[in-house]
Amino acid sequence: MMSKLKNVFRALLAPPPWCMLTLSLFCAVMLIGISVRGITGAPIAYLVYILSGYVLLSALFFCVRTLPGKVKKTKQRVYDHPLGNRYLTDHAFKEQIRLYCNLTLNVLYAAYKFLSGILYESFWLGAVGVYYILLSLLRFLLLSFMRGGEGKADIIDEYRRCRLCGMVLLGLNLSLCGIVFQMAWQNKSYDYPGSLIFIVAAYSFWLVANAAIDLLKHRAYNSPILSASQAIRLVAALVSMLSLITAMLVRFVADASLRREMIVVMGAGVCLFVLGISVYMLVSSGREIRLLRREENRREMSAEGSTPEL
């Protein structure tokens, strides 16, 4: 009895593809017609709603049943390809590809914002452009070292580049402070029309979570460059989150004073966090360079002392 009920349940939730496609097109046409004619409360409208719910439930059941297998097969195909296997297993190569993509997008966006600021004489657009220019510079420095440092194992050079990134990050923090100032006291903010703001919100939360997880994960590889790259990704994700929260405050909070206080608090928190990361990169890199140099000097002295005189 239970097996028969299970088979009936599966048959209802997993109709043939042609049937699902036909029902989906029918529901789409009917929903458009109901909206255009304004008969949302008619009996036929409720029947269409129920049928649409059934189609949606069937689609979800199809995804749950088939997507895991499809994802597993696709991932195996990527593993079988040489470049795909290297991307999934070589963390330095994976980070290099990410840097290429992010650098290209940052350069294009920075040029657009900076030129718009000059054209429209907008300090706000100019400040955003400077922020993305410095972010592009940071990623270019990391990418140039990854390309030039292949096959080399000079950890001191890695710490030097990490320290240089910390210096540039200080300048980026200054431009970020200018952006926060304009958000709080000049009512400048990003504007996401319609429901796009919720899509941007989901993407921003994913960026922050993914960057934080990767930052913790890459600490195990003992590579200052990879750690610096992940820290910069986290900074960029937090700034995107700050822009999103500011846009949501402008849309959903009517009290201007409350909105300004919240922007100041969150903006100051992000700026202090970025300042802390930059100072940590400077201090820790400098300390490690001094320790490594002392170790090298000690080894050289011991090697000279053990060399027999002729």
Side-chain angles (χ1 to χ4, degrees), residues 95 98-99 102-103 105-107 109-114 116-117 122-145 158-190 204 207-212 214-216 218-219 224-247 249 260-289:
E95 193 60 30
R98 284 179 174 178
L99 283 171
N102 291 331
L103 177 61
L105 294 174
N106 284 162
V107 168
Y109 196 68
Y112 166 71
K113 287 293 184 182
F114 193 73
S116 298
S122 172
F123 185 73
W124 161 253
L125 294 175
V128 175
V130 169
Y131 163 77
Y132 278 100
I133 287 173
L134 292 174
L135 187 61
S136 302
L137 177 60
L138 281 169
R139 283 173 168 156
F140 175 76
L141 290 173
L142 293 169
L143 186 58
S144 64
F145 182 81
E158 286 202 30
Y159 279 115
R160 285 173 180 164
R161 189 56 60 95
C162 186
R163 185 172 58 183
L164 179 60
C165 289
M167 295 177 184
V168 179
L169 197 58
L170 284 176
L172 183 143
N173 195 41
L174 291 177
S175 66
L176 181 59
C177 290
I179 292 174
V180 172
F181 175 81
Q182 293 184 82
M183 285 179 175
W185 282 278
Q186 297 181 6
N187 294 323
K188 300 290 186 180
S189 67
Y190 292 92
S204 298
L207 278 180
V208 173
N210 191 42
D214 283 349
L215 179 62
L216 295 175
H218 280 76
R219 288 176 63 89
I225 290 300
L226 288 179
S227 297
S229 178
Q230 297 305 320
I232 291 167
R233 279 186 61 205
L234 181 59
V235 168
L238 287 175
V239 174
S240 298
M241 179 66 71
L242 176 63
S243 303
L244 166 70
I245 293 175
T246 305
L249 288 174
R260 178 179 296 174
E261 290 175 0
M262 295 180 71
I263 291 174
V264 169
V265 171
M266 289 182 294
V270 173
C271 290
L272 289 174
F273 182 81
V274 176
L275 178 63
I277 288 181
S278 58
V279 171
Y280 175 78
M281 290 171 67
L282 288 170
V283 174
S284 62
S285 298
R287 183 180 64 248
E288 293 296 331
I289 289 172

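These numbers come from a predicted model, not from an experiment.
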Contacts table for residues 161-178: side-chain donor-acceptor under 3.5 angstrom, sequence neighbours left out:
from: Arg161; atom 1: NH1; to: Leu141; atom 2: O; distance (Å): 3.0
from: Arg161; atom 1: NH1; to: Ser144; atom 2: OG; distance (Å): 3.1
from: Asn173; atom 1: ND2; to: Cys271; atom 2: O; distance (Å): 3.4
from: Ser175; atom 1: OG; to: Leu172; atom 2: O; distance (Å): 2.7

**Message:** Do Val107 and Phe140 make a side-chain contact, defined as non-hydrogen atoms from C-beta onward lying under 4.5 Å apart?
**Reply:** no
Taking it one step at a time, do Leu242 and Val180 satisfy side-chain contact (heavy atoms from CB on, under 4.5 Å)? CA-CA 9 Å; Leu242 176 63; Val180 172; 3.9 Å; yes
CD1 (Ile245) and CE (Met262) are apart, to the nearest 0.5 Å, by 8.0 Å
**Prompt:** What do the steps show when you test Met183 against Ser243 for side-chain contact (heavy atoms from CB on, under 4.5 Å), and what is the final call?
**Reply:** CA-CA 9 Å; Met183 285 179 175; Ser243 303; 4.2 Å; yes
For Arg260 and Ala184 the tightest heavy-atom approach is NE-O, 3.0 Å
Rounded to the nearest 0.5 Å, the CD1 atom of Ile232 sits from the OG atom of Ser227 at a distance of 11.0 Å
Interatomic distance, CE@Met241 vs CG@Leu234, rounded to 0.5 Å, equals 10.5 Å
Arg160 meets the salt bridge (Lys or Arg N to Asp or Glu O under 4.0 Å) criterion, sequence neighbours left out, with Asp157
For Glu158 and Pro224 the tightest heavy-atom approach is OE1-CD, 3.0 Å
Between Tyr131 and the options Leu135, Ile133, Leu134, the side chain to side chain contact (heavy atoms under 4.5 Å, CB included) test singles out Leu135
In terms of heavy-atom contacts, Ser285 and Tyr159 come closest through CB-O, 3.4 Å
Rounded to the nearest 0.5 angstrom, the CG-CG distance for Leu137 and Leu103 is 9.5 Å
